[in-house]
Amino acid sequence: MSKFVLRYGVLGYLALLLVLPVGMVGYRTFEHGAGPVWDALSSHDAVSALKLSLLVTLIAVPINIVFGVFTGWLLARREMPLRWLVDALINLPFAMSPVVVGLAVFVLYSRTGWIGTYLFAHGIPVLFTWKAMTIATVFVSLPFVVREVVPVLEEIGTEQEQAAAVLGASQLQAFFRVTLPAIRWAVVYGTILTVARSLGEYGAVNIVSSNIVGQSLTLPLYVNNRVGQLDTTAAYSAGLLLAVISLLILVGMTAFSSRRIRQTQTGVSG
Amino acid sequence: MSIQVRDVSKSFGNFHALVDVSVDIAPGHLTAVLGPSGGGKSTLLRIIAGLETADRGAVLIEGADVTHVPTRDRGIGFVFQHYAAFTHMTVWENVAFGLKIAKTPRPRIKKRVSELLELVHLDGLASRYPSELSGGQRQRMALARALAVEPSLLLLDEPFGALDVKVRQELREWLRRLHDEVHTTTVFVTHDQEEAMEIADQIIVINQGRVEQSGSPNELYDRPANDFVMGFLGPVTTLAGRPVRPHDIHLATAVSPGSIPATLDRVVSLGFETRVVAIPHADAEPVTVQLTRNQIDELALEVGDTVYLRGQDGDRQQDRVVTEMHQDRAS
């Protein structure tokens with residue numbers, strides 16, 4: 001009996017908290033058929049928001065992959081002074097409210113900020129442009145690749161790299177031919193999480209955006225803007241688009257994680 | 001290729017893995033580095049390979065000081081206890097790895113890998129992944145991979161330690177035959193004295209970071225430099241306060257000069273060989289004697305019988321004492 005209550009209690013809770021609201025967004029979106037949804041999504045403002053979101057994501061994600069793999073490798077393989085500090089700092093974006101991240105970027109890149117002063121003097125405005133939004137996004141999505149890569153690097157150990165060295169490989173060759181392929185699923189998994197976070201980021205980006213409709217709104221900002229204007233069809237449609245993208249990412253992630261489990265089962269045991 | 005290790009020391013924190021170790025390894029030989037776990041033997045091998053750097057001392061390969069030469073330029077093959085197979089590569093790609101790094105022309109790689117896979121009996125499994133192989137097959141693949149680059153020196157770190165007894169026995173014999181064909185100077189680390197005795201030309205016994213003795217298997221077995229080597233290379237029992245091998249004790253039912261009386265306590269049959277435990281009347285310290293099934297049948301012993309034990313033959317121990325006396329006199 002208690003087993004029954006626990007099991008269906010959890011399911012009911014999840015349904016009430018997650019499935020029902022998202023389902024409601026879907027229902028509301030298509031309340032008047034697909035026509036208005038298409039119109040709302042193909043409007044100039046919505047397309048602009050989607051484009052800006054993609055731009056920010058496409059820049060932020062590669063930066064975090066390269067940084068994440070490199071830093072992960074350093075943390076797992078090299079003696080480092082203040083390793084604990086680096087380790088803690090990487091978790092900072094997880095722990096800190098995105099609004100504070102946005103604020104930090106704001107302070108640094110404003111006309112009077114340390115970096116901003118210099119950049120404005122050279123005619124490169126950053127604050128209130130896509131550049132500031134990208135910087136904020138890189139910040140908030142920084143830990144994902146590192147956090148995925150480090151445990152896998154620690155688990156596979158250094159023997160394969162040593163074997164490569166004995167066989168004549170330089171450190172760079174060993175990294176690209178042996179280490180990177182061995183951690184590839186961790187990198188993929190971390191990348192997917194980074195993409196999800198970058199596309200969905202609201203708080204940090206909101207503070208450094210000039211918030212002009214059809215120009216400097218990402219998809220989440222656009223949803224918020226439409227809700228504020230009581231333009232429910234546009235808000236629901238854009239919201240649903242975000243939800244669908246997340247769902248696809250989730251499916252992809254589940255597929256990858258099951259592959260990864262298989263790989264570790266067969267790979268690391270031998 | 002000959003190897004000389006000169007006064008090498010290595011510590012990990014407070015732990016002294018090697019203390020002033022000097023070793024000479026003859027070219028073309030199959031040498032075993034034998035010792036208990038944690039005795040420093042793997043560290044020695046890894047220092048020869050350049051996977052570990054010595055705190056002090058030098059490593060010479062073929063007379064050339066390679067102490068500061070990186071691993072990849074030492075021209076060695078290394079086989080790891082846990083195979084270190086490249087998990088994302090097929091057997092073929094694993095074996096071809098070193099050749100690809102060396103930018104060997106493709107047709108030559110193809111030929112060489114085929115030859116090696118045949119040599120290690122994996123020719124049918126070239127497109128398998130390591131996870132699809134048994135432990136023995138993985139280790140043979142690792143050996144082929146190490147041999148692919150034609151190393152002048154082959155180093156194996158407890159190569160069969162992770163395998164079960166039967167496979168270990170097979171691979172051990174196979175390594176000996178392979179060595180007789182290829183003649184590459186080979187050094188392998190093991191904690192299994194039987195493995196070392198069976199296939200090595202030369203054994204170096206290492207314990208607590210120091211070399212206890214080195215020499216041929218027979219030298220070490222018959223003329224151990226100290227009690228540790230004696231105990232590590234074979235069974236030892238104590239007779240009249242002296243260490244002696246159980247098969248060097250003569251057991252009889254009648255008194256003979258120099259023999260001591262004992263009560264038969266236990267007879268354990270181990271197939272062809274029989275282990276007898278007897279308790280001397282004088283000191284009650286049990287003595288183990290090793291006899292053949294035939295000998296025990298002839299004696300027709302029963303537990304509780306009185307038997308007479310004597311250090312057999314002219315006794316190798318006594319030989320040693322005599323030579324030492326001669327030396328004393330000469331000096």
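Chain naming here is simple, since letters A, B, ... match the order of the sequence lines and numbering starts at 1 in each.
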### Task
Would you give the length of the straight line joining atom CZ of A:Arg177 to atom CD1 of B:Ile101, rounded to the nearest 0.5 angstrom?
4.0 Å

### Region of B:Phe78 in contact with chain A, defined by heavy-atom distances below 4.5 Å
both

### Task
Let me know if B:Arg74 has heavy atoms under 4.5 Å from chain A in its side chain, its backbone, both or neither.
neither

### Query
In terms of heavy-atom proximity below 4.5 Å to chain A, should B:Leu51 be classed as side chain, backbone, both, or neither?
side chain

### Query
In Å, rounded to the nearest 0.5 Å, how long is the span from CZ of B:Phe86 to OG1 of A:Thr179?
9.5 Å

#### Entry: Which portion of A:Gln173 sits near chain B, non-hydrogen atoms under 4.5 angstrom
side chain

### Query
Nearest 0.5 Å, what's the CD1-OG1 distance between A:Ile156 and B:Thr87?
7.0 Å

### Task
Decide if atom CZ of B:Phe12 counts as having more than 12 heavy atoms of other residues, nucleotides or ligands within a radius under 6.0 Å.
yes

### Message
Could you check whether any side-chain heavy atom of B:Arg72 comes within less than 4.5 Å of a side-chain heavy atom of A:Val166, counting everything from C-beta outward?
### Response
no

### Message
I want to check something: taking the side chain as every heavy atom from C-beta on, are A:Arg184 and B:His88 in contact at a cut-off of under 4.5 Å?
### Response
yes

### Message
Does A:Tyr8, at its OH atom, have more than 12 non-hydrogen atoms belonging to other residues, nucleotides or ligands within less than 6.0 Å?
### Response
no

### Query
Is the number of heavy atoms from other residues, nucleotides or ligands within 6.0 Å of CZ (A:Phe70) greater than 12?
no

### Task
Would you mind telling me which of B:Ala49, B:Gly98, B:Ala102 has the largest number of heavy-atom pairs within less than 4.5 Å of chain A?
B:Gly98

### Message
Just checking A:Gln171: does its CD atom have more than 12 heavy atoms from other residues, nucleotides or ligands closer to it than 6.0 angstrom?
### Response
no

